[in-house]
Amino acid sequence: ARCVHGPVDTSPHPRSMSARVSICLNDGPRQGQPQALLVVQQQMLCDALLQTAASKLRLKAKDIKTARLFVWGTGVELPRGGELTDLLHNNDLVAVSLGEPYAGPSRKAAKAASEIVAGPTFSEEIPPSVSGFDDRGREIASLAELWALQAQHTAEYYAANDAWWEDDGYAGATDDEAMIGDTGSAEDVEHSQRLLDGVLSRFPGLRLGGIMDGGAGVGRVTKAVLMRKCVGTVTLVESCERWLKQARRYLGNKRSQRCVFVQCRLEEHTAAPGTYDLVWLQWCLQYLVDAHVVATLRNAAAALAQYGMIVVKENRPMAKGQEERFQVDTPGGPNGRHDITRPDEHHRWLFRCAGLEVEHWEHADETSAWVLRPASAPAPLRPEVQPGWNVLGPAPALAPAPLRPEAEAEVAAAIGASPAEPSSVEGDT
């Protein structure tokens, strides 16, 4: 929903042979709290890391004999006597146990999350230096710290959001207001219509035979934007049963006959390659932890037709002096739910992790919109690029630059939330 609280470096980076990791205790009052920062080499022996960690934590010699090392957030145990090759990422948190079993976040959840972002164990690029804060005034110094928080609280975040949407969402006098939190739906629709018209004008070979509306809610975007141009079927993907049922009434029988209704968490939805010519994701990624944003985008990209596109439209930070920082709402805060407003650099990092490049980017009031395509896809069929395509006038100072897909994130080891097996409920067609 719309309520809200420099160019990306594309220079080549050599593959790193080392990783920066933090050390913490596995159990006790300081459990999971970083105590020291170390730089380790891939070929370093686990015992050498243990000796260094023990010194930093001031462990006794007798404790070192029974000590064990775990990767916090995954529960993977580092083998005593073995090498660390391919076992650690930048910004991993290594927990030192005094012999007790792993006591951190769920091994199963983190293992599944570690599969979300596949790629080199040691990332070829350092994550951007993005910081933020939450609705309680807590400073979050880095993306690594954000990922650690998300790993600990994903289940809590999602449970609160499920209850919040089931209750009434943003409430209001109309279904549109319940979706976005104010009376500005008409203005948002006008921008989205012009944005989609711009996509079709720039890429005249794009035929919208199949469209996915991700986090569709009541079908507001489907009804007012997507069905204007769709010559086939719109698939509404929505996790809340209440709003998916209401979507049928909201759209009416005639429109509903051209739709497929899928009840499924967004990051769990998959479809066969070639299913969608366009995937529209608006005001929904803000409710997902970073790893699930990447999963959602990867699944969407995998389901695209040859020249398919993804449109992402999300809030941007608006607080004066805080425009480049993420802002987190927590279930314990005044809004009683979780969401995160991400700056452009944060979004672009997640796009890169998903193997997507930016074809177009623009601001619209309090939102940013990106038109994305898989970096591995063939060049889209289009005429000469028309200057001034931005639907609101001249392009912003930060122009969209092509982004390489090869850089991979270290979010995998930090985010402890796992999607279940996909499940879907198809509506009448």
Side-chain angles (χ1 to χ4, degrees), residues 5-10 13 16 18-22 24 32-34 37 39 71-74 88-94 105 110 113-114 116-136 138-154 157 267 285-298 312 314-317 319 322-330 338-356 358 368 370 403-417:
H5 327 261
V8 177
D9 179 16
T10 58
H13 295 265
S16 174
S18 63
R20 300 182 312 278
V21 301
S22 297
C24 72
Q33 300 177 18
L37 181 66
V39 176
V71 180
W72 189 263
T74 69
L88 290 177
H89 299 70
N90 273 323
N91 301 316
D92 266 347
L93 182 59
V94 177
S114 71
I116 291 174
V117 183
T121 300
F122 285 75
S123 174
E124 297 179 5
E125 184 171 337
I126 299 172
S129 298
V130 179
S131 63
F133 56 93
D134 68 15
D135 53 4
R136 300 180 182 183
R138 172 177 178 167
E139 286 290 319
I140 305 173
S142 65
L143 289 179
E145 185 175 337
L146 173 68
W147 298 333
L149 288 171
Q150 291 179 339
Q152 295 174 29
H153 299 291
T154 300
Y157 291 164
E267 70 274 13
L285 301 184
Q286 69 190 69
Y287 300 110
L288 301 180
V289 298
D290 281 16
H292 286 167
V293 172
V294 174
T296 296
L297 292 170
R298 285 191 166 184
V312 171
E314 290 283 327
N315 291 328
R316 59 190 175 101
Q322 306 292 335
E323 295 89 347
E324 303 305 320
R325 307 183 73 205
F326 55 79
Q327 303 167 26
V328 182
D329 276 358
T330 61
H338 167 265
D339 68 51
I340 175 170
T341 304
R342 300 174 175 94
D344 180 70
E345 187 175 18
H346 192 167
H347 274 110
R348 287 180 182 247
W349 171 256
L350 299 178
F351 299 158
R352 295 177 74 167
C353 294
L356 299 170
V358 179
S368 290
W370 300 264
L403 299 175
R404 304 189 322 278
E406 65 268 18
E408 298 289 348
E410 285 90 4
V411 300
I415 307 301

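For this chain, numbers begin at 1 and follow the sequence in order.
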Can you label the angle between the Tyr157 ring and the His338 ring as parallel, tilted or perpendicular, going by 30° and 60°?
parallel
Smallest separation among heavy atoms of Arg316 and Thr341, with atom names:
C-CG2, 3.5 Å
Looking only at heavy atoms, the pair that brings Leu288 and Thr296 closest together is CD1-OG1, 3.5 Å
Find the distance between CG (Asp134) and CZ (Phe326) and round it off to the nearest 0.5 Å.
9.5 Å
Backbone of Glu314 reached by a side-chain donor or acceptor of Gln286 within 3.5 Å:
no
Rounded distance [0.5 Å steps], NE2 in His153 versus OG1 in Thr330
9.0 Å
Do Arg138 and Glu145 make a side-chain contact, defined as non-hydrogen atoms from C-beta onward lying under 4.5 Å apart?
yes
Between atom CG of Leu356 and atom CZ of Arg348, what is the distance when rounded to the nearest 0.5 Å?
12.0 Å
Do Arg325 and Ser131 have side chains that get closer than 4.5 Å, going by heavy atoms?
yes
Could you walk me through whether Asp290 and Trp349 pass side-chain hydrogen bond (donor to acceptor under 3.5 Å, both in side chains), step by step?
CA-CA 10 Å; Asp290 281 16; Trp349 171 256; over 6 Å; no
Would you say Val328 and Leu149 make side-chain contact, with heavy atoms under 4.5 Å?
no
Side-chain contact test, heavy atoms from C-beta onward, threshold under 4.5 Å: evaluate it for Val130 versus Pro343 and give yes or no.
yes
Stepwise, does the side chain to side chain contact (heavy atoms under 4.5 Å, CB included) test hold for Val312 with Leu297?
CA-CA 10 Å; Val312 171; Leu297 292 170; 4.2 Å; yes
If the test is side-chain contact (heavy atoms from CB on, under 4.5 Å), which one of Leu93, Val39, Leu88, Val71 qualifies with Val21?
Leu88
Can Leu350 and Arg342 be said to form a side chain to side chain contact (heavy atoms under 4.5 Å, CB included), step by step?
CA-CA 10 Å; Leu350 299 178; Arg342 300 174 175 94; 3.7 Å; yes
In the structure I gave you, are the side-chain heavy atoms of Leu146 and His346 within less than 4.5 Å of one another anywhere?
yes
Within a strict 4.5 Å, meaning less than it, do heavy atoms of the Gln322 and Pro317 side chains meet?
no
Asn315 and His347: which non-hydrogen atoms are nearest, and at how many Å?
O-CE1, 4.3 Å
Taken to the nearest 0.5 Å, the spacing of Gln327 CD from Asp135 CG works out to 10.5 Å
Taking only residues two or more places apart in sequence, or in another chain, which ones meet Phe133 in a ring-ring contact (aromatic ring centres under 6.0 Å, His included)?
none
